[in-house]
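Have a look at the structure below before the remarks.
Chain A is the first sequence line, chain B the second, and so forth, proteins listed ahead of strands; every chain is numbered from 1.
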There are 2 protein chains.
Amino acid sequence: MPGGRPRAFDPDAALDSALEVFWSQGYEGTAISDLTAAMGVNRPSLYAAFGNKEELFHKVLDRYMQGPGGFTSRALEAPRARDVVEGLLYGAVELTAGPGTPRGCLSVGCVQACGPEAEPVRQEVAARRKAGEAALRTRLERARDEGDLPGDCDPADLARLVTALTDGIAVAAAGGSSRQELLQLAGTALRMAFTPGPG
Amino acid sequence: MPGGRPRAFDPDAALDSALEVFWSQGYEGTAISDLTAAMGVNRPSLYAAFGNKEELFHKVLDRYMQGPGGFTSRALEAPRARDVVEGLLYGAVELTAGPGTPRGCLSVGCVQACGPEAEPVRQEVAARRKAGEAALRTRLERARDEGDLPGDCDPADLARLVTALTDGIAVAAAGGSSRQELLQLAGTALRMAFTPGPG
DNA sequence: CTAGTTTCTTACCGATCGGTATGTAACTTG
DNA sequence: CAAGTTACATACCGATCGGTAAGAAACTAG
């Protein structure tokens, strides 16, 4: 009963190719023809395997967060709050200016202004980003309860600040800042965030 | 010899309408038909008055930096370095989450990944952003020479940091953070940037 | 082999993209 | 008035957009 012609491409590898295209060109800037060319998959096969452009992007976003963006969830598991933040800041540098991958961040790039057609995609990206910041806040609240945060430091404030910093790193990378500059920036940011001030 | 039929629209007002469309939809997400509808200008009149899409965007970008984004150059004129940074951070909040204007920042939005067709636009936006950060660095170098900066603070590092923070504010605004949250973020950032630490 | 199933290939769909040719309307000058 | 100039409005251009119909090709099951 089963059988049928075997597919001539590896779905995961094709998804990686699609990720690279979306990452470097954005959602609106990517045409189906760009995807089929990079994935080595014919147009109808793409639709059969991954759905339409929006569904494909959804799958790509999942793969992004589990692959290159996986450091965000791993960083939260660090034992000390400072290590959490350090992992996020330096992870953002490697993600957005690392070798072999496009500059910038897929998530940051796709939450920006877009045409009405891409608005649902933007909304979903925004929702995922909110969830990410909420997870960081929760982690920092735990740190506060464990006495792992400077006393006057509000977890929500720090989560907002670190999110803004990692996003700022992504924008700088997209704008052409070098990896060296970004590493310097991450260091400055980390020092600033964890320097206990007079209040 | 001169004369001719007078134009039926105000070029500056039309440019403001174009700015609003580009601001809320981005460069790639904006179609010429979106612009003509918002500007109240027919298609050939638009091309005659402002050139093609890319030239129009260039003019819009100028208007953006002189209008809503004008606070960036004004902030540099503040007498104390801390006031410069404060003006930039809170100005970014008003720009990206103020009333009556689209969320986010036109410049931050257009420096992100885009299709090959829009790459020249992205490059120009990136160049302008680099120039803006360089101007801030120059201003902070002057502050250092005047003893207006904490002793261990490198102007280039602080300029990078403040740029990343304002960009982070813009991304947060695009992602749906409220003006209140952004004001809180700006305050936290300012306090941390100008809290002299142990080094 | 044949029947059934799934994928690949080619070719196409209507809609929209950025940009323009063409003719007419509105104005200044003489 | 007529001549010259500029901007208006309609209609159109080829190219590309996202998405699909139809049939050939490659496999499994009997």
Next on the checklist: Check this one for me: any side-chain N or O of Asn52(B) less than 4.0 Å away from OP1 or OP2 of dG19(C)?
Outcome noted: yes
Checklist outcome for this item: Separation of dT20(C) atom C1' from Asn42(B) atom CG, nearest Å, is 14 Å
Item to check | Atom pair distance, as rounded to whole Å: CZ in Phe57(B) and P in dG19(C) | outcome: 14 Å
Checklist outcome for this item: Quick note, Arg43(A) side chain, CB onward, closest among dC8(C), dG18(D), dC27(C) is dG18(D)
Checklist outcome for this item: Whole-Å distance, Leu46(A) CG to dT20(D) P, equals 12 Å
Checklist entry - Starting at the 5' end of DNA chain D, which residue's closest nucleotide do you reach first, Pro44(A) or Thr30(A)? => result Thr30(A)
Checklist entry - From the list dG18(D), dG19(D), dC8(D), which nucleotide is the closest neighbour of the side chain of Phe9(B)? => result dC8(D)
Checklist entry - Would you call the rings of Phe57(B) and Tyr27(B) parallel, tilted or perpendicular, where under 30° means parallel and over 60° means perpendicular? => result perpendicular
Checklist entry - According to a strict under-4.0 Å criterion, is Ser33(B) in side-chain N/O contact with OP1 or OP2 of dC17(C)? => result yes
Next on the checklist: From the set dG19(C), dG18(D), dC17(C), return the single nucleotide nearest to any side-chain atom of Lys53(A).
Outcome noted: dG18(D)
Checklist entry - How long is the line joining CD of Glu28(A) and P of dG18(C), in whole Å? => result 11 Å
Item to check | Whole-Å distance separating the CZ atom of Arg7(A) from the P atom of dA26(D) | outcome: 17 Å
Next on the checklist: Is the phosphate of dA7(D) approached by Ser45(B) (side-chain N or O, under 4.0 Å from OP1 or OP2)?
Outcome noted: no
Checklist outcome for this item: Rounded to whole Å, the CD-C1' distance (Gln25(B) to dC17(C)) equals 14 Å
Item to check | Residue Tyr47(A), side-chain heavy atoms: nucleotide from dA24(D), dG19(C), dG18(D) that is nearest | outcome: dG18(D)
Checklist entry - Looking just at side-chain N and O atoms, do Glu119(B) and Gln123(B) make a donor-acceptor pair shorter than 3.5 Å? => result yes
Checklist entry - Touch check for Ala8(A), heavy atoms < 4.0 angstrom, all strands: base, sugar-phosphate only, or nothing? => result sugar-phosphate
Checklist entry - Which residues satisfy the salt bridge (Lys or Arg N to Asp or Glu O under 4.0 Å) test with Asp154(A), sequence neighbours excluded? => result none
Checklist entry - To the nearest Å, how far apart are Glu55(A) CD and dT20(D) P? => result 10 Å
Next on the checklist: Hydrogens and angles aside, do Thr188(A) and Arg160(B) bring a side-chain donor and acceptor to less than 3.5 Å of each other?
Outcome noted: no
Checklist entry - Given dC8(D), dC8(C), dG18(C), which nucleotide is nearest the side-chain atoms of Ile32(B)? => result dG18(C)
Item to check | Arg82(A)/Asp148(A) ion pair, N-O < 4.0 Å | outcome: no
Checklist entry - Can you check the Leu35(B) CG to dC17(C) C1' distance for me, whole Å? => result 13 Å
Checklist entry - How do Arg5(B) and Glu117(B) order along DNA chain C: which one's closest nucleotide is nearer the 5' end? => result Glu117(B)
